[in-house]
Amino acid sequence: MWLCLLASCLAAAPALAQAPAPEPVQVQVPELGLEPAATAAGIDAGYRIAAGDELALKFFYAPELNETATVRPDGRIQLQLVGEVRAAGQTPRELADALKRAYAGSLRYPEVSVEVEKGFARQQVFVGGEVGRPGAQPLLPGLTLMRALIVAQGPTDRAALNRVAILRRDESGATRVIRVDAASQARRGADDGNDPPLRPFDVVLAVPSRISRVNKWIDQYVRRNLPVNVGFSYDLNDNNRRGD
C-alpha cells in the first residue's frame, strides 16, 4: 500500500518545491489529543535559522550598523542599539521583519536584510518507528514527511499510515505532537495536511498499527531510541498531551 502513496506523493509535488503556508483548517482528531498537521501553527517550508548560524545584517540607510552576528546556543543574537534579539526558529524574512520593528524607535528608515552566510548548522530530522531504516537525516530544502519516509526506506507493513506522528518543539520549548494521516494521500493526493514540510529537529514516527495507546508508545520509543545528536530531548508529559 505504501508504494502507491509514495508514487502519489512524488507525482503531486515537484522535487524541492517550497510548500505554501497552510490555511487554518479545523480537523477533528479522534484520539490522544494529537494535533492535525494542517492546524499546526507556523508550518513553513523556508529555511529556519538555528544556533550556530552566521547572519549578515545589512541596513540600507544606516550602513554603519551593518554587522555579522552568530546565533548563540540560546537562539539569540546581540545587536547594536537594540540588544538581544531571538533569531533561532525564524526564517531570514521573519527575522528581518522583527528587526525592522525593533529598530523603528532608533532609525527613521529601519530597512534591513538578513542573509545566512554560514550555517545550515547540522540541521536534521529523525525518522523512526516502523520504517525500513530508522535514523537521522539532513534537513534538505523541500523535505516533507513522505520524502523523509522514502529516505528511511519506506514504512513497513506494520505501520499505521493514518496516524504518523511528528514531534516538534515550539518557540517556548514545549513539545507538540502532530498527527498526520499520510494514508489519505491515496485518496486525495499530497498536501500540507497529509505531507507537511519538516522543520529542524522534527522527529517523525511511523506508529505500529497494533498500538492502541499511541502516546505511551511514543514516550517509550523516544526514551529508548532518540539519539542525542537530534539536538534536544522531548518531555512528553501531561502538559503536552491529553490522555494515553
Side-chain angles (χ1 to χ4, degrees), residues 16-24 35 37-126 136-145 147-148 166-176 178 192 196-204 229-234:
L16 304 185
Q18 285 192 343
E23 295 294 330
E35 181 173 351
T39 62
I43 291 178
D44 190 338
Y47 177 78
R48 293 192 174 270
I49 297 166
D53 285 356
E54 190 171 292
L55 308 178
L57 310 179
K58 298 180 181 179
F59 293 81
F60 301 116
Y61 301 107
E64 66 276 9
L65 295 178
N66 291 354
E67 63 178 301
T68 299
T70 300
V71 183
R72 303 185 320 218
D74 64 359
R76 297 180 177 272
I77 53 177
Q78 179 73 32
L79 300 178
Q80 304 172 68
L81 299 183
V82 297
E84 291 187 351
V85 177
R86 170 166 288 281
Q90 301 189 73
T91 66
R93 180 182 295 274
E94 290 171 346
L95 178 58
D97 290 340
L99 293 179
K100 289 178 185 178
R101 294 190 295 271
Y103 279 94
S106 303
L107 301 176
R108 185 174 182 181
Y109 301 108
E111 297 298 322
V112 59
S113 68
V114 176
E115 298 178 2
V116 180
E117 284 197 335
K118 297 179 182 178
F120 303 86
R122 296 174 56 194
Q123 293 195 0
Q124 296 178 318
V125 299
F126 179 81
Q137 301 178 16
L139 181 62
L140 301 177
L143 185 67
T144 65
L145 179 144
R147 293 190 182 114
I166 299 176
L167 278 61
R168 175 173 296 163
R169 186 177 65 178
D170 61 24
E171 293 182 358
S172 69
T175 302
R176 175 172 299 165
I178 304 169
D192 284 347
L198 299 181
R199 284 191 175 187
F201 311 120
D202 277 354
V203 174
V204 177
N229 65 356
V230 165
F232 57 88
S233 62
Y234 290 91

Any idea which heavy atoms bring [X] and [Y] closest together, and the distance?
X	Y	answer
Gly89	Glu94	O-OE1, 4.4 Å
Gln90	Ala98	OE1-CB, 4.2 Å
Ile166	Pro196	CD1-CG, 3.7 Å
Leu57	Leu79	CD1-CD2, 3.2 Å
Pro200	Leu139	N-CD2, 3.3 Å
Ala148	Gln137	O-NE2, 2.9 Å

With sequence neighbours left out, write down each residue that passes side-chain contact (heavy atoms from CB on, under 4.5 Å) with Val112, or none if nothing qualifies.
-> Phe59, Leu99, Lys100
[atom1]-[atom2] distance between [X] and [Y], expressed to the nearest 0.5 angstrom:
X	Y	atom1	atom2	value
Ile77	Thr68	CD1	OG1	10.5 Å
Glu117	Glu54	CD	CD	6.0 Å
Lys58	Asn66	NZ	CG	7.5 Å

Between Asp53 and Ala50, is there a donor-acceptor pair closer than 3.5 Å when you use the side chain of the first and the backbone of the second?
-> yes
Residues which pass salt bridge (charged side-chain N to carboxylate O under 4.0 Å, His left out) with Arg72, listed by chain and number, not counting sequence neighbours = Asp74, Glu84
Applied to residues 59-68, the salt bridge (charged side-chain N to carboxylate O under 4.0 Å, His left out) test, sequence neighbours excluded, yields none
Could you go through the side chain to side chain contact (heavy atoms under 4.5 Å, CB included) check for Leu107 and Tyr61 one step at a time?
-> CA-CA 9 Å; Leu107 301 176; Tyr61 301 107; over 6 Å; no
Given side chains that start at C-beta, do those of Leu95 and Leu55 come closer than 4.5 Å, heavy atoms only?
-> yes
